[in-house]
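Reviewing the structure listed below.
To find a chain, count down the sequence lines: A is the first, B the second, and so on, and within it residues start at 1. Here the structure is a predicted model, which is why all the values come from computation and not from measurement. Hydrogens, waters and symmetry mates play no part in the numbers below; they use all other heavy atoms, side chains included.
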2 protein chains.
Amino acid sequence: MAGVRAQQKMKTRQALIAAAFNQLSAEHSFSNLSLREVAREAGIAPTSFYRHFKDMNELGLTMVDEAGLTLRQLMRQARRRIASGGSVISTSVLTFMEFIDNQPNQFRLLLRERSGTSKAFRSAVAREIKHFILELAHYLEGETQCDSHHAYMQAEAMVTIVFTSGAEALDLEGQSREELVERLQWQLRYISFGGYHYAQKNSK
Amino acid sequence: MAGVRAQQKMKTRQALIAAAFNQLSAEHSFSNLSLREVAREAGIAPTSFYRHFKDMNELGLTMVDEAGLTLRQLMRQARRRIASGGSVISTSVLTFMEFIDNQPNQFRLLLRERSGTSKAFRSAVAREIKHFILELAHYLEGETQCDSHHAYMQAEAMVTIVFTSGAEALDLEGQSREELVERLQWQLRYISFGGYHYAQKNSK
DNA sequence: TATTTTAGCGTACACTTGTACGCTGAGATT
DNA sequence: AATCTCAGCGTACAAGTGTACGCTAAAATA
């Protein structure tokens, strides 16, 4: 019961996903990908694509899931680093920047399809980002004892800013990138401080 | 010297631009547009397109400029409203939401091409948004006497959040949209308050 | 061992795309 | 009035697209 067959199928399925991610770049978004080119890079005939996915859309949604998974692993990693004594803000930012450097195409997918042309994609990405926000909100709530609604809004604002800065970071290197990170950290402090203030005020 | 000729040319040029904007929608982004379809809607032969633009790219950049212009007019309008006694935050948010309702496709263009597949587009959009940020930063600097670097970072964070909320607003209506606006306003208050605090602290 | 299942292939087809090329006729210029 | 300019057209083509259909061989099942 080795399942030689199923194993091989999984392998080319992964090859398709890998090929698709690989064809994403600064100049190539998901909607630019063609079934035929993806199949070609994965080493199968165009028509064999359908043995794995009904559609390019189905492939894409799978890719969003994969990127979401990476994002969650990232969060866990950041939490570990913070727990072992890192500054919250700079550790989080650093971790996120590593994500962008290591998996730029996963990030690009989330970034672009968040406001892309398919509602299914937009919802899928929104769902992944919401996980991210909720995690952060939960953390903030525990840490600062503010009410949960304020914690959520604070987390949402932070994630928004981190994401957008990530997008800009994709086009930058070296000095100007460090400046970006610096700005981002200040902006997070603004939100943190302001959020703390209003949450306190409101809880009275 | 009526310039009948030039006048007519301008007219079909505008028809092309209008057709292109019209074909943008939630399900259709600029890179999905085809030269032929745009020409068809504008009522000219595909090959006549080249009498006006070298490229679809050139058309697109023109469209970004136009959207940027709208954005600047918007700012002026918001300033007038504030000057005549409106709350800064709620007036700004309201004005921006009007933009999204009135010119959703101009907004979509800026939103998507900001992280799109053409560097030229990304830079063009970034330039327009930078105007927006600088205007706001200037206003904040004058209003709160904080140092200009902090004012800039504050403005940048605000614009980022407003833009992203705008993107979400495109998919929402009624109740949930009002909730979004409510959240957005809180988030802006966070930044405003936090920004004020750090700017003060730093200027000593 | 005989039978069924299925991942992958090749061919074929109907479309759509961008754009090269040369023509025309109505304004502009002289 | 004679000439020039040029916005718009029609034809044509090569390239690329998604996918329907039927085949094959190897793995799975009986």
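Residues satisfying the salt bridge (Lys or Arg N to Asp or Glu O under 4.0 Å) test with A/Arg114, not counting sequence neighbours, are none. Shown here are the ring-ring contact (aromatic ring centres under 6.0 Å, His included) partners of B/Phe53, two or more places apart in sequence or in another chain: B/Phe49.
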Every protein N/O within reach of nucleotides 2-6 of chain C N/O, cut-off under 3.5 Å:
from  : atom 1 : to     : atom 2 : distance (Å)
C/dT6 : O4'    : A/Arg5 : NH2    : 3.0
C/dT6 : O2     : A/Arg5 : NH2    : 2.5

Any protein N or O atoms within reach of nucleotides 14-16 of chain D? Criterion: under 3.5 Å, listing atom names and distances.
none

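With rounding to whole Å, A/Tyr50 atom OH is found 17 Å from C/dG10 atom P. Between the CZ atom of B/Phe49 and the P atom of D/dC6 there is a distance of 20 Å, rounded to whole Å. The distance from atom NE2 of B/His28 to atom P of C/dT16 is 13 Å, rounded to the nearest whole Å. Straight-line distance from the CD1 atom of A/Ile44 to the C1' atom of D/dG18: 14 Å, rounded to whole Å. To the nearest angstrom, C1' of C/dT19 lies 14 Å from CE of B/Met56. Rounded to whole Å, atom P of D/dA28 lies 11 Å from atom CD of A/Gln8. For the pair B/Lys54 NZ and C/dG18 P, the computed distance is 14 Å after rounding to whole Å. If you measure from atom CD of A/Gln7 to atom P of D/dA27, you get 12 Å, rounded to the nearest angstrom.
At the phosphate of D/dA7, neither OP1 nor OP2 sits under 4.0 Å from any side-chain N or O atom of B/Ser48.
The salt bridge (Lys or Arg N to Asp or Glu O under 4.0 Å) analysis of residues 61-78 of chain A, with sequence neighbours excluded, yields the pairs A/Asp65-A/Arg127, A/Arg72-A/Glu128. For the side chain to side chain donor-acceptor pair (under 3.5 Å) condition, the pairs that include at least one residue of residues 102-113 of chain B, sequence neighbours left out, are B/Thr70-B/Gln106, B/Asn105-B/Arg108. Evaluation of the salt bridge (Lys or Arg N to Asp or Glu O under 4.0 Å) test over residues 182-195 of chain B, restricted to residues two or more places apart or in two chains, returns A/Glu156-B/Arg183. For the side chain to side chain donor-acceptor pair (under 3.5 Å) condition, the pairs that include at least one residue of residues 11-22 of chain B, sequence neighbours left out, are B/Thr12-B/His52, B/Asn22-B/Glu41. Applying the side chain to side chain donor-acceptor pair (under 3.5 Å) rule to pairs touching residues 81-95 of chain B yields B/Arg81-B/Thr95, B/Arg81-B/Glu98, B/Ser87-B/Ser90, sequence neighbours excluded.
You'll find that the side chain of B/Arg40 is closest to C/dT17, out of C/dG18, D/dT19, C/dT17.
Judged by closest nucleotide on DNA chain C, A/Thr47 is the one of B/Leu35 and A/Thr47 placed further toward the 5' end.
The only member of A/Leu94, A/Val93, A/Leu172 that meets side-chain contact (heavy atoms from CB on, under 4.5 Å) when paired with A/Val181 is A/Val93.
Contact detail for A/Cys146 and A/Ala199: the closest heavy-atom pair is CB-CB, 3.1 Å.
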